[in-house]
Structure formats: C-alpha cells, structure tokens
Amino acid sequence: MNQLFDLSDKVVVVTGATGILAGGSAKYLQKNGAIVVYLGRNKDRVNLATEEAKSISEKFMGLTCDVLDEASLREGFEKVIEKYGRVDALVNGAGGNMPGATIGPEKEIFDLDLEDYSKVMDLNLKGTVLPTLVFSQAFKEQKTGCVINFSSMSSTQALTRVLGYSNAKAAIDNFTRWMATEMAIKYGDGVRVNAVAPGFFISKQNRALLTNEDGSFTDRGQQVINKTPFRRFGKQEEVYGAIHYLISDASSFVTGSVMAVDGGFSCFSGV
Ligand SMILES: NC(=O)c1ccc[n+]([C@@H]2O[C@H](COP(=O)([O-])OP(=O)(O)OC[C@H]3O[C@@H](n4cnc5c(N)ncnc54)[C@H](O)[C@@H]3O)[C@@H](O)[C@H]2O)c1
C-alpha cells in the first residue's frame, strides 16, 4: 500500500466498537494492519466483536468501558499502554439518540423530557470529551496522535425531532475545532483532531424511522432521499475511507476539519 495511507501497527482505540459504523470501521482498520482496541459498554457485545476480530489477525484487544465513566476509561488506558506502550488514534464512535430527547410531530416543543435530553447530550458530547481527555494523554508524550470524532448532518442544519442529538453534535464540531487548535499549539503538528459527519446510514437506532418493514421508505426516509443528490442512504463501508484517511499520514496537514460523508446531503438545498 502507498506509504501515505499505511496503518501498519498503529494502535487505534475505537469507542462504540460494538455498533454499526464504528464497529465496521474497527474491523476495517484491523484488516488494514492496525492494532485495534474494541471499546464498548456491554461485555457480551465486546466479546462478540473480539470473537470476530480473532478471524482477522492477532492485533486486537477488547475493553469493556462506559465512555461516561472516567475511572473505567483510565483503567482501560492503562491496559492499552501496558500492552502496546502507545496510542496512535482514538475514534470516538459511541453515540446516538434516545426517543425521549426527540420532539415527534404529535408533540409540543414544551413536552421535551429534559432528563433524556441531558442523557443524549452526555452520551454524545461528554462521551467524546472524556475518552479524548483520557486517551490523548499518550499524544502529549509521543508528540503524535489523532482523534476522529463522529458529527452528524444535524450539527449544522435543523433536523426535525432530534433536538438533544443535534445540540450535542453541533458541540462536537466545536469541540473538534477547539481541541485541534489547543492540541497543535501545545503538542505540535503531529497531533490532529478531526471529525467525520455521516449523512444517513441505516442503523439499529434509525431503521424504523427511515424504512418500513417491507423495505420501502417512511415519509421521513423519503424526505432524506429527496435532499440527497445520490438518492440513497450510505453503506457503512463508505465511511471507512474517510476514517482511514484522517488517521493516516495522507492527512498530515489536516486538523479541525469535519468531513461530510453524505452523498451530497449537506451541499444540496433540496430544490
Ligand atoms: N447511522 C447513522 O446514520 C449516523 C449518522 C450520523 C452520525 N452517526 C454517529 O455515528 C456514531 C456511530 O453510530 P452507529 O450508527 O454506528 O450507532 P450504533 O448504535 O450502531 O453504535 C453505537 C455504539 O455505541 C455504544 N455505546 C452507547 N453508549 C455507550 C457508552 N456509554 N459507552 C460505551 N459505548 C456506548 C453502543 O453500545 C453501540 O454499540 C454515533 O456517534 C452516531 O451518532 C450515525
């Protein structure tokens, strides 16, 4: 492979590695030579992910950690350092929405459940900030390393219903820029922070919102397709290349960017 894109033996920690986009990315990175740490909250699901990882290579480890639990993240960080001595990249994939933090068409804005709103803000924002603070400590010593966050189309455009999620993802864009600046100023140009902003990919969380049981689109699914010039949802493997690029030396002068992987959703007015 071209040296610019070489991932061989880079130690990459992936949170939410039991899920669809981050989990798929984790396996992709391992297949391309990286040493991958599969981090997830649920022990059984982490075990399932590492069972699959065994068939790829010996270069992996599983970590059961909640991204909102600083103590478990610190313990996880120590295990990674003990085993591999370094961290080259952190992919902050844990995140998602919760029904209570949304305003459905049948609801008033005033019905917002503030407790669920806070949970979604915490999972998506604090669940990215905390792992970054813990795992990027390695970057300070190494003077190299990178973070890839997960933003969303909802960070820059108002998407109906998903208030908490949108607020959190907007903050992720800001956190990406802030951390990119601060890390570069403090630790030099080998430390980079970027984000990917996936458009619409079918996941467990949004399947019922976007597609009917017979595979046809719901009204909301059709609205998304209408605003996507490619006229389709993304396939999970279509996000892997952006993550590969942002981890590799090919993006050595790229920091603070939020890369849309969206079939054109963010550039199209819909008209
Ligand atoms: N699927 C899409 O269309 C889409 C679009 C834009 C952005 N995103 C973002 O991409 C990221 C990955 O999404 P996905 O579709 O793969 O979702 P997913 O639900 O398949 O995966 C998320 C994973 O995070 C894990 N997780 C949840 N809470 C956790 C916690 N407290 N600690 C540790 N792990 C936890 C879950 O167990 C799950 O395995 C998320 O941040 C999501 O918001 C997804």
Side-chain angles (χ1 to χ4, degrees), residues 10-19 21-23 25-26 29 34-41 61 63-81 84 86-96 119-152 155 165 167-198 239 242-248 251-252 254-259:
K10 281 190 189 285
V11 179
V12 183
V13 178
V14 182
T15 78
T18 48
L21 294 183
S25 303
L29 295 168
I35 297 168
V36 175
V37 179
Y38 289 80
L39 188 153
R41 184 179 41 172
M61 95 186 246
L63 276 184
T64 305
C65 292
D66 187 324
V67 289
L68 297 173
D69 177 354
E70 188 176 346
S72 83
L73 288 168
R74 290 204 182 282
E75 216 174 285
F77 174 66
E78 293 306 328
K79 285 184 189 160
V80 175
I81 294 298
Y84 301 118
R86 58 185 294 110
V87 177
D88 294 298
L90 168 69
V91 179
N92 280 311
K119 280 187 196 157
V120 170
M121 285 293 284
D122 273 357
L123 171 59
N124 289 282
L125 180 56
K126 201 168 151 199
T128 292
V129 173
L130 255 183
T132 303
L133 295 182
V134 171
F135 285 95
S136 64
Q137 280 179 73
F139 306 165
K140 181 178 166 182
E141 308 297 324
Q142 296 164 192
K143 300 276 188 280
T144 59
C146 67
V147 179
I148 319 291
N149 297 323
F150 269 84
S151 179
S152 151
S155 73
Y165 183 74
N167 291 180
K169 293 299 189 184
I172 288 293
D173 289 4
N174 180 272
F175 174 66
T176 300
R177 289 190 285 269
W178 190 90
M179 212 50 164
T181 306
E182 192 69 16
M183 291 249 201
I185 289 171
K186 294 257 164 66
Y187 311 125
D189 68 356
V191 182
R192 302 180 297 108
V193 182
N194 291 289
V196 289
V239 94
I243 291 172
H244 186 158
Y245 165 71
L246 290 172
I247 290 177
S248 73
S251 59
S252 59
V254 179
T255 199
S257 74
V258 180
M259 183 183 283

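These figures come from a predicted structure and were not determined experimentally.
Of the listed residues (I148, L39, T15, V11), just one forms a side-chain contact (heavy atoms from CB on, under 4.5 Å) with L90, and that residue is T15.
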Do any side-chain atoms of residues 179-188 form donor-acceptor pairs under 3.5 angstrom with protein atoms, and if so which ones, sequence neighbours left out?
| residue | atom | partner | partner atom | Å |
| --- | --- | --- | --- | --- |
| T181 | OG1 | R177 | O | 2.8 |
| E182 | OE2 | K186 | NZ | 2.3 |

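Within the 4.5 Å cutoff, side-chain heavy atoms of C146 are placed close to those of I247. Between Q142 and R86, the closest side-chain pair of non-hydrogen atoms falls below 4.5 Å. Side-chain contact between R41 and T64 is absent, with no heavy-atom pair separated by less than 4.5 Å. At least one side-chain heavy atom of F150 sits under 4.5 Å from a side-chain heavy atom of V91. Taking 4.5 Å as the limit, some side-chain heavy atom of T128 sits within range of a side-chain heavy atom of F175. Looking only at side-chain heavy atoms (C-beta outward), Y165 and N124 come within less than 4.5 Å of each other. Contact annotation: the side chain of I243 approaches that of V196 to within less than 4.5 Å [non-hydrogen atoms, C-beta and beyond]. Side-chain contact check for F77 versus Q137: some heavy-atom pair is nearer than 4.5 Å.
For K143, the NZ atom sits in a packed shell: over 12 heavy atoms of surrounding residues, nucleotides or ligands are nearer than 6.0 Å. Heavy-atom contacts from other residues, nucleotides or ligands closer than 6.0 Å to CG of D189 number 12 or fewer.
Between A138 and I81, the shortest heavy-atom contact is CB-CD1, 4.3 Å. Taking all atoms of both residues into account, the shortest heavy-atom contact from S248 to R192 is O-NH2, 3.3 Å. When all heavy atoms of P198 and S151 are compared, the closest pair comes out as CD-O, 3.3 Å. A pairwise comparison of heavy atoms in V12 and A34 identifies CG2-CB, 4.1 Å as the closest pair. Across M259 and A242, no two heavy atoms sit closer than the pair SD-CB, 3.6 Å. Taking both residues in full, the closest heavy atoms of A17 and A26 are given as CB-CB, 4.4 Å, listed atom of the first, atom of the second, then distance.
Under the side chain to side chain contact (heavy atoms under 4.5 Å, CB included) criterion, T176 pairs with N149, I172, V193, A195, not counting sequence neighbours.
With rounding to the nearest 0.5 angstrom, the CD atom of E70 is 4.5 Å from the CZ atom of R74. Residue T144 holds its OG1 atom at 8.0 Å from CZ of F139, rounded to the nearest 0.5 Å. How far OG of S72 is from CG of L130: 9.5 Å, rounded to the nearest 0.5 Å. In this structure, NZ on K119 lies 11.5 Å from CG on L68, to the nearest 0.5 angstrom.
With hydrogens and angles left out, the side-chain atoms of N92 and T132 include a donor and acceptor closer than 3.5 Å.
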Determine, step by step, whether V239 and S25 satisfy the side-chain contact (heavy atoms from CB on, under 4.5 Å) criterion, reporting the C-alpha distance in whole Å, the side-chain angles of both residues, the deciding distance to 0.1 Å, and the verdict.
CA-CA 8 Å; V239 94; S25 303; 3.8 Å; yes
Please test L125 against V120 for side-chain contact (heavy atoms from CB on, under 4.5 Å), starting from the C-alpha separation and ending with a verdict.
CA-CA 8 Å; L125 180 56; V120 170; over 6 Å; no
For side-chain contact (heavy atoms from CB on, under 4.5 Å), just list the numbers for V147 and F135, CA-CA rounded to whole Å, side-chain angles, deciding distance to a tenth of an Å, and then say yes or no.
CA-CA 9 Å; V147 179; F135 285 95; over 6 Å; no
Please report the C-alpha distance between N167 and M121 in whole Å, then the side-chain angles of each, then the deciding distance to 0.1 Å, and finally whether the side-chain contact (heavy atoms from CB on, under 4.5 Å) criterion is met.
CA-CA 7 Å; N167 291 180; M121 285 293 284; 3.7 Å; yes
Please step through side chain to side chain donor-acceptor pair (under 3.5 Å) for the pair S155 and D173, ending with a clear verdict.
CA-CA 7 Å; S155 73; D173 289 4; 2.7 Å; yes
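Looking only at distances, a side-chain donor or acceptor of S251 sits under 3.5 Å from a matching main-chain atom of L246. In this structure, the side chain of S257 does not engage the main chain of V254 through any donor-acceptor pair within 3.5 Å.
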